[in-house]
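Notes to accompany the following structure.
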Number of protein chains: 2
Amino acid sequence: MGVTCTLKHCGNKTYYCNVELTLQVIGGKWKPIIMYRLGDGGTLRFSEVKRSIPNISQKMLTQQLRELEADGVVHREVHPQVPPRVDYSLTELGKSVMPVIESLSRWGRRYEDWANRQDSGHEARGAASAVL
Amino acid sequence: MGVTCTLKHCGNKTYYCNVELTLQVIGGKWKPIIMYRLGDGGTLRFSEVKRSIPNISQKMLTQQLRELEADGVVHREVHPQVPPRVDYSLTELGKSVMPVIESLSRWGRRYEDWANRQDSGHEARGAASAVL
DNA sequence: CGGTCCGGTATCTTTTTGGTGACTATGGCA
DNA sequence: TGCCATAGTCACCAAAAAGATACCGGACCG
């Protein structure tokens, strides 16, 4: 009771609750990290973002950045030069997701702590309070 | 700079940043809604959760609930009856993700507003302020 | 005897997501 | 002349996630 679960639409997206909407925009394997980097670094060019995220393939980075752009959270600026130069930055809307990302990050740390306590509680009798 | 991007482990999970960890626990298509329902309803039995989420298949609900249980955010209690009765509720750790989910939800509403403004700005000249 | 209820499994198919390698354009440089 | 750098694209493949469907157990009810 309380929460209805009706299907809603917003642009090209379909969702049941706002949480789902949010995750469609900033969720997935790479988007949070990309936004985190842009929130941290201000304006970065493609290769800078790429370097800051080892393991991401060029295809995925391009794809995710384009989606973020399409969703209005990232600004893409092409400088018609050779070799090409493309700058990425957060839009105002994009900046507004930073607190959300921080909220996710804080809980991640909390979970990490919790999981480590579980481990040591179950087995380790040495290595007491060492949070290395 | 600032943020390193080293691979970390936590139990069975592999991640680069805490945001990713969090999303591995509470992300995905169904988990946020499930937790939202449990946060709202307190203790619910399987069929109650299912009814509150149209469109979820039994398989997905079982699967997601089990993962949430394995990750320590949901408590599962089996009553050995016939027909079977299984109750689900949030653990303390689980309750601690509610603010995160609310944060996601709030931003979703914000995005919704923004997207609607985009639409009306671009086209609609009739149907002015009608938010039906 | 047959059906209903509840909370599942098991199996298969479809969809989504991620990943690789090859290819491109163009100015500058040796 | 030929190669480098940058930021892509495209075709293709593999893996993971999600979905559809069928089946199960066992008390109880008629």
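By convention in this document, chain letters (A, B, ...) are assigned in the order of the sequence lines, proteins followed by strands, and residues within each chain are numbered from 1.
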**Request:** Considering only heavy atoms of chain A and a distance under 4.0 Å, specify the first and last nucleotide of DNA chain C in 5' to 3' order that meet this criterion.
**Result:** C:dG18 to C:dG27
In residues 96-110 of chain B, what donor-acceptor pairs under 3.5 Å come from side-chain atoms, sequence neighbours left out?
from, atom 1, to, atom 2, distance (Å)
B:Ser96, OG, A:Trp107, NE1, 2.9
B:Ser96, OG, B:Leu93, O, 2.5
B:Ser105, OG, B:Arg109, NH1, 3.2
B:Trp107, NE1, A:Ser96, OG, 2.9

**Complete:** Whichever of A:Met60 and A:Val82 has the more 5' nearest nucleotide on DNA chain C, that residue is A:Met60
**Complete:** Min and max contacting nt of DNA chain D in 5' to 3' order, chain B heavy atoms within under 4.0 angstrom, are D:dA18 to D:dA27
**Item:** A:Lys8: partners by side chain to side chain donor-acceptor pair (under 3.5 Å), with sequence neighbours left out
**Value:** B:Glu112
**Complete:** Under a 4.0 Å heavy-atom cutoff, the residues of residues 70-78 of chain B touching DNA chain D are none
Got a list of side-chain donor-acceptor pairs under 3.5 Å for residues 23-33 of chain B, not counting sequence neighbours?
from, atom 1, to, atom 2, distance (Å)
B:Gln24, NE2, B:Thr14, O, 2.8
B:Lys31, NZ, B:Glu67, OE1, 2.7

**Item:** CD-CE distance between B:Gln64 and B:Met35, expressed to the nearest 0.5 angstrom
**Value:** 12.0 Å
**Request:** Kindly compute the distance separating NZ (A:Lys50) from CD1 (A:Ile34), expressed to the nearest 0.5 Å.
**Result:** 11.0 Å
**Request:** Ignoring hydrogens and angles, tell me if any N or O in the side chain of A:Arg37 forms a donor-acceptor pair with the backbone of A:Ser52 under 3.5 Å.
**Result:** yes
**Contact check, side chains of A:Tyr111 and B:Asn18, non-hydrogen atoms, under 4.5 Å** = no
Return all side-chain donor-acceptor pairs below 3.5 angstrom for residues 68-85 of chain A, not counting sequence neighbours, or 'none' if the list is empty.
from, atom 1, to, atom 2, distance (Å)
A:Asp71, OD1, A:Lys13, NZ, 3.2
A:Arg76, NE, A:Tyr88, OH, 3.1
A:His79, NE2, A:Asp87, OD2, 2.9
A:Arg85, NE, A:Asp87, OD1, 3.4

**Prompt:** Can you list the residues that meet the salt bridge (Lys or Arg N to Asp or Glu O under 4.0 Å) rule with A:Glu20, with sequence neighbours excluded?
**Reply:** none
**Request:** Go through the structure and list residues passing salt bridge (Lys or Arg N to Asp or Glu O under 4.0 Å) with A:Lys95, not counting sequence neighbours.
**Result:** A:Glu92
**Complete:** Taking five pairs at each terminus, the helix from C:dC1-D:dG30 to C:dA30-D:dT1 shows an axis bend, to 10°, of 30°
**Prompt:** When we call it a touch if two heavy atoms are under 4.0 Å apart, what does A:Gln58 touch: a base, just sugar-phosphate, or nothing?
**Reply:** base
**Prompt:** For DNA chain D, what residues of residues 20-28 of chain B have any heavy atom nearer than 4.0 Å?
**Reply:** none
**Message:** As an exercise, state the distance from CD of B:Gln58 to CD1 of B:Ile56, rounded to the nearest 0.5 Å.
**Reply:** 10.5 Å
**Item:** Contact check, side chains of A:Thr62 and A:Phe46, non-hydrogen atoms, under 4.5 Å
**Value:** yes
